[in-house]
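Below is one structure, written out as structure tokens; comments come after it.
As the structure is a prediction and not an experimental result, all values here were calculated from the model.
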Amino acid sequence: MLVSGGVLTLVLAGCTTDTGGQAFPDEPALASATQGAKASALPARPAELSLQGVDPCALITEPQLDQLKINSKPRAAAEPIDGPTCVLDADAAQPFHSYYLRTVTADVEEWFTGKRRKNSMTTEPKAVGGFPAITNYRDAGKPADCETLVGVAKGQTLAVRAVTVTAGAFTMPQLCEMSAQAADMALQTLKARN
């Protein structure tokens, strides 16, 4: 069947949405298949490590604070993000940077394929200490932060975001490595407590 260009234009014009006029196809079967493939990219969790009642500031030991070049006392965030949040600052010498360590009541998969996934963010599957994890960062503009999210138990995620305070001091791979290192340290402490 032949469709003329004018009729096709009218048909497509009826597909616009309130997202600036760009039409998006409704393909739930394809979306769920893609989500299933992405979720299977995460390794299986070797154990369940509960974050219930855990103070995130207690998950980084004194020697680990030294390794991360944290020079001030870890403190609870004035405005927690998704749950208890600890701020660790390295601001004695340039380049200044901080870590935000949080305990979140959500499955790590939510950042990969679920409701916490943002199209503006790049998410990559990985493993931290044998646990399923995701690296989450914005790949546009100057590198500012990178977050490592570790699925420590069903419905519980340990999240560590490395943030540069000194603009342009770190590359995105450096920030992602810093967050992964701090997440692994916090995970080791959590394993020792369970």
Side-chain angles (χ1 to χ4, degrees), residues 43 47 49-106 108 110-112 116-118 120-153 156-194:
L49 302 176
S50 178
L51 291 171
Q52 186 85 24
V54 173
D55 174 5
C57 287
L59 289 176
I60 302 291
T61 65
E62 290 292 329
Q64 291 170 337
L65 290 172
D66 291 341
Q67 282 183 278
L68 295 173
K69 297 182 173 62
I70 303 303
N71 57 286
S72 58
K73 183 174 173 60
R75 67 187 191 287
E79 295 183 25
I81 308 162
D82 278 346
T85 305
C86 183
V87 182
L88 305 110
D89 295 316
D91 57 6
Q94 293 276 7
F96 300 145
H97 56 285
S98 296
Y99 296 90
Y100 290 81
L101 196 153
R102 347 180 249 141
T103 57
V104 185
T105 307
V108 70
E110 288 186 24
W111 282 270
F112 204 45
R116 293 173 183 265
R117 170 125 177 84
K118 294 181 182 169
S120 62
M121 302 297 281
T122 298
T123 55
E124 299 169 350
K126 65 183 300 168
V128 172
F131 282 75
I134 292 172
T135 301
N136 196 30
Y137 60 92
R138 191 174 313 281
D139 206 14
K142 287 187 178 178
D145 62 46
C146 182
E147 186 166 52
T148 300
L149 302 127
V150 184
V152 294
Q156 298 182 19
T157 299
L158 177 67
V160 182
R161 184 165 54 117
V163 179
T164 182
V165 177
T166 302
F170 301 100
T171 65
M172 189 57 73
Q174 287 173 321
L175 287 168
C176 291
E177 177 56 35
M178 290 161 60
S179 73
Q181 178 188 18
D184 187 53
M185 290 177 177
L187 180 61
Q188 297 312 316
T189 305
L190 186 62
K191 283 179 180 178
R193 293 171 55 125
N194 279 280

Could you check whether atom NZ of Lys191 has more than 12 heavy atoms from other residues, nucleotides or ligands sitting under 6.0 Å from it?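 Atom NZ in Lys191 is crowded, with more than 12 foreign heavy atoms closer than 6.0 Å.
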
Is the count of non-hydrogen atoms from other residues, nucleotides or ligands lying under 6.0 Å from Gln94 atom CD greater than 12?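 Counting other residues, nucleotides and ligands, CD of Gln94 exceeds 12 neighbours.
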
Contact between [X] and [Y] at the side-chain level, heavy atoms closer than 4.5 Å - yes or no?
X	Y	answer
Leu187	Leu49	yes
Leu88	Leu68	no
Val54	Leu158	no
Ile70	Ile60	no
Pro95	Thr164	no

Just list the side-chain donor-acceptor pairs under 3.5 Å for residues 175-186, sequence neighbours left out, or say none.
unit_1	atom_1	unit_2	atom_2	d
Ser179	OG	Thr148	OG1	2.6
Ser179	OG	Cys176	O	3.0
Asp184	OD1	Gln188	NE2	3.1

By the salt bridge (charged side-chain N to carboxylate O under 4.0 Å, His left out) test, which pairs, at least two apart or in different chains, include something from residues 78-93?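 Residue pairs passing salt bridge (charged side-chain N to carboxylate O under 4.0 Å, His left out), neighbours aside: Arg75-Asp89, Asp82-Arg102, Asp82-Arg116.
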
Pairs satisfying salt bridge (charged side-chain N to carboxylate O under 4.0 Å, His left out), at least one member in residues 157-170, at least two apart: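 Qualifying pairs, neighbours excluded: Asp145-Arg161.
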
Can you give me the closest heavy-atom contact between Ala159 and Val104, atom names plus distance?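 Minimum heavy-atom contact is CB-CG2, 4.5 Å.
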
Provide the full list of ring pair (Phe, Tyr, Trp, His ring centres under 6.0 Å) pairs with a residue in [range], sequence neighbours left out, each pair given once.
range	result
residues 65-86	none
residues 174-194	none
residues 169-194	His97-Phe170
residues 51-93	none

Counterpart residues, side chain to side chain contact (heavy atoms under 4.5 Å, CB included), relative to [X] (two or more places apart):
X	value
Ala127	Pro43
Pro84	Pro56, Thr103
Ala167	none

How would you list, by chain and number, every residue that makes a side chain to side chain donor-acceptor pair (under 3.5 Å) with Thr189, sequence neighbours excluded?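 Once residues adjacent in sequence are excluded, the partners of Thr189 under the side chain to side chain donor-acceptor pair (under 3.5 Å) criterion are Gln64.
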
Working to the nearest 0.5 Å, report the span between SG of Cys57 and CG of Leu101.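 Interatomic distance, Cys57 SG to Leu101 CG, rounded to 0.5 Å: 7.5 Å.
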
Between Thr123 and Phe112, is there a donor-acceptor pair closer than 3.5 Å when you use the side chain of the first and the backbone of the second?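 It does not hold such a pair.
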
For the backbone of Leu59 and the side chain of Thr61, can you confirm whether one donor and one acceptor N or O come within less than 3.5 Å of each other?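 Between the backbone of Leu59 and the side chain of Thr61 there is no qualifying donor-acceptor contact (under 3.5 Å).
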
Please set out all donor-acceptor pairs under 3.5 angstrom arising from side-chain atoms of residues 129-144, sequence neighbours excluded.
unit_1	atom_1	unit_2	atom_2	d
Tyr137	OH	Glu124	OE2	2.7
Arg138	NH1	Ser120	OG	2.9

